[in-house]
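A note on names: the letters A, B, ... follow the listed sequences, proteins ahead of strands, and every chain is numbered from 1.
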2 protein chains.
Amino acid sequence: MANNQFKRGELYSFITGKASTAIARRLQKKFNSANLNLTIEQWSVLYHLWKQDGISQQELCNASYRDKPSITRLVDNLEKLQLVKRVSSESDRRMNLIYLTGRAQKLQDQTMELANETLLEALEGVSPDRIDVCREVLQIVYDNLAG
Amino acid sequence: MANNQFKRGELYSFITGKASTAIARRLQKKFNSANLNLTIEQWSVLYHLWKQDGISQQELCNASYRDKPSITRLVDNLEKLQLVKRVSSESDRRMNLIYLTGRAQKLQDQTMELANETLLEALEGVSPDRIDVCREVLQIVYDNLAG
DNA sequence: GCCATATAGTTGTTTATACAACTATCCAAA
DNA sequence: TTTGGATAGTTGTATAAACAACTATATGGC
């Protein structure tokens with residue numbers, strides 16, 4: 001049993017996610033410096049739409065691991081910023097399909113470049129195989145808890 | 001340059017911190033099931049006070065990587081829950097020293113046990129040396145960005 | 001067709017974070 | 001001893017997340 005106990009600091013770091021918080025803040029600062037007027041959360045929604053445009057809010061929930069009210073309000077704010085449009089589905093009128101505007105399409109390259117830059121800074125001095133291990137462990141953690 | 005490009009999914013996972021979010025949610029659910037009426041953020045403040053009681057709000061900021069308004073409001077809420085008390089410092093009247101109440105002291109064992117349990121579930125199937133690599137990488141990331 | 005149930009999305013409330021602007025106190029240099 | 005800058009904390013405002021309660025639409029059994 002004692003073998004299964006985590007050290008305090010270790011435990012705290014994993015739970016509070018200091019590293020990913022730091023990454024997100026760094027990226028947010030880059031967005032702000034570039035006057036993008038975009039939050040990381042808004043970016044993370046656009047991210048899924050860049051992969052596939054015109055998906056429903058429910059699909060955005062699943063993809064971004066957020067609940068429905070969170071997506072409702074993120075889409076509200078993205079609409080205010082004229083980055084997306086809600087289009088009621090013809091086949092199922094309960095659904096809103098979310099489409100990128102031209103403005104949002106133009107943001108993709110610049111923001112992905114800043115995201116890449118941020119990760120390079122974050123992972124400086126870490127060998128590729130250690131990055132791989134870390135990524136795999138985090139994926140397992142996610143899979144262990146997602147169910 | 002192409003060598004330095006991250007894959008999209010990898011990039012997204014690191015930035016959005018899916019794993020640590022999932023851990024925090026699982027722990028929150030355990031708190032709720034145990035009727036602890038305590039948020040993870042509140043717990044993370046108590047965590048530092050369990051290590052050292054009677055520190056200032058500024059020290060809580062440094063320890064928990066939050067800004068001053070965040071700590072002000074977390075301490076507000078912890079005071080409402082009668083888990084901490086603000087005591088004005090005698091030596092420097094600008095400072096509030098934050099002290100745990102008896103109620104908060106009693107929460108330590110139970111919540112740390114739940115946190116341990118959560119991490120065991122999260123890291124199930126991951127070998128100790130891979131956990132170590134992951135932890136070290138995340139520490140480097142934090143150090144790279146904290147400055 | 002009718003109704004129970006499921007699904008998609010919205011709204012209300014509480015808690016938390018980021019940033020800017022503010023007050024109060026301390027300290028050190030003139 | 002005064003004054004100006006630094007430090008500790010608070011308040012206002014915007015964005016976001018979790019949870020519960022709600023509306024609207026779809027669907028499958030009868």
Length of the [atom1]-[atom2] vector between [X] and [N], whole Å:
| X | N | atom1 | atom2 | result |
| --- | --- | --- | --- | --- |
| A:R25 | D:dT15 | CZ | P | 19 Å |
| A:L97 | D:dT25 | CG | P | 16 Å |
| B:M95 | D:dT10 | CE | C1' | 17 Å |
| A:R66 | C:dG9 | CZ | P | 16 Å |
| B:I55 | D:dA8 | CD1 | C1' | 14 Å |
| A:I40 | D:dA14 | CD1 | P | 20 Å |
| A:N96 | D:dA24 | CG | P | 14 Å |
| A:L38 | D:dA14 | CG | P | 18 Å |

- Of A:T21 and A:Q57, whose nearest nucleotide on DNA chain C comes first from the 5' end?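 Here A:Q57 is the residue nearer the 5' end.
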Minimum heavy-atom separation for [X] and [Y], please, with both atom names.
| X | Y | result |
| --- | --- | --- |
| B:L36 | B:Q110 | CD2-OE1, 3.6 Å |
| B:W43 | B:A115 | CZ2-CB, 3.9 Å |
| B:T21 | B:T16 | OG1-O, 3.9 Å |
| A:R93 | A:S88 | O-OG, 3.8 Å |

- Query: Taking atom types as modelled and ignoring hydrogens, do the side chains of B:E41 and B:S44 form a donor-acceptor contact shorter than 3.5 angstrom?
  - Reply: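 Per modelled atom types, B:E41 and B:S44 side chains form no pair under 3.5 Å.
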- Task: Estimate the overall bend of the helix from C:dG1-D:dC30 to C:dA30-D:dT1 from the end axes over five pairs each, rounded to 10 degrees.
- Result: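 Inter-axis angle at the termini of the helix from C:dG1-D:dC30 to C:dA30-D:dT1: 10°.
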Can you tell me how far the [atom1] atom of [X] sits from the [atom2] atom of [Y], to the nearest 0.5 Å?
| X | Y | atom1 | atom2 | value |
| --- | --- | --- | --- | --- |
| A:I40 | A:T118 | CD1 | OG1 | 7.5 Å |
| B:I98 | B:E59 | CD1 | CD | 10.5 Å |
| B:I71 | B:L60 | CD1 | CG | 5.0 Å |

- Message: Looking only at the side chain of B:R94 (C-beta and beyond, no hydrogens), which of the listed nucleotides C:dC19, C:dA18, C:dT25 gets closest?
- Response: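 The closest nucleotide is C:dT25.
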- Among residues 41-52 of chain A, which contact DNA chain C at a heavy-atom distance under 4.0 Å?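 The stretch gives none, as no residue of it lies under 4.0 Å from the strand.
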- Item | DNA chain C-proximal residues of residues 67-93 of chain B, any heavy atom under 4.0 Å |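 Those residues are B:D67, B:P69, B:S70, B:R73, B:L74, B:N77, B:D92, B:R93.
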- Query: Residues in salt bridge (Lys or Arg N to Asp or Glu O under 4.0 Å) with A:D53, at least two apart?
  - Reply: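 Salt bridge (Lys or Arg N to Asp or Glu O under 4.0 Å) check on A:D53 returns nothing, list empty.
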- Message: Measuring to OP1 and OP2 of C:dT17, would you say a side-chain N or O of A:Q28 lies under 4.0 angstrom away?
- Response: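 Result: no.
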- Message: Whether B:N32 contacts D:dA18 is assessed here as follows: a side-chain N or O lying under 4.0 Å from the phosphate OP1 or OP2. Is that the case?
- Response: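 The answer is no; no side-chain N or O of B:N32 sits under 4.0 Å from OP1 or OP2.
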- Task: Write out all pairs satisfying ring-ring contact (aromatic ring centres under 6.0 Å, His included) with one or both partners inside residues 55-95 of chain B, taking only residues at least two apart or from two chains.
- Result: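 As it turns out, the ring-ring contact (aromatic ring centres under 6.0 Å, His included) pairs with a partner in residues 55-95 of chain B, which skip direct neighbours, are B:Y65-B:Y142.
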- So B:D76 and B:R73, salt bridge (Lys or Arg N to Asp or Glu O under 4.0 Å) or not? Walk me through it. CA-CA 5 Å; B:D76 285 348; B:R73 277 138 182 166; 5.6 Å; no
- Task: Any pair with a residue in residues 94-105 of chain A that passes side chain to side chain donor-acceptor pair (under 3.5 Å), sequence neighbours left out, goes on the list, sorted by first then second residue, please.
- Result: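 Applying side chain to side chain donor-acceptor pair (under 3.5 Å) to every pair that reaches into residues 94-105 of chain A, excluding sequence neighbours, yields A:Q57-A:N96, A:D92-A:R94.
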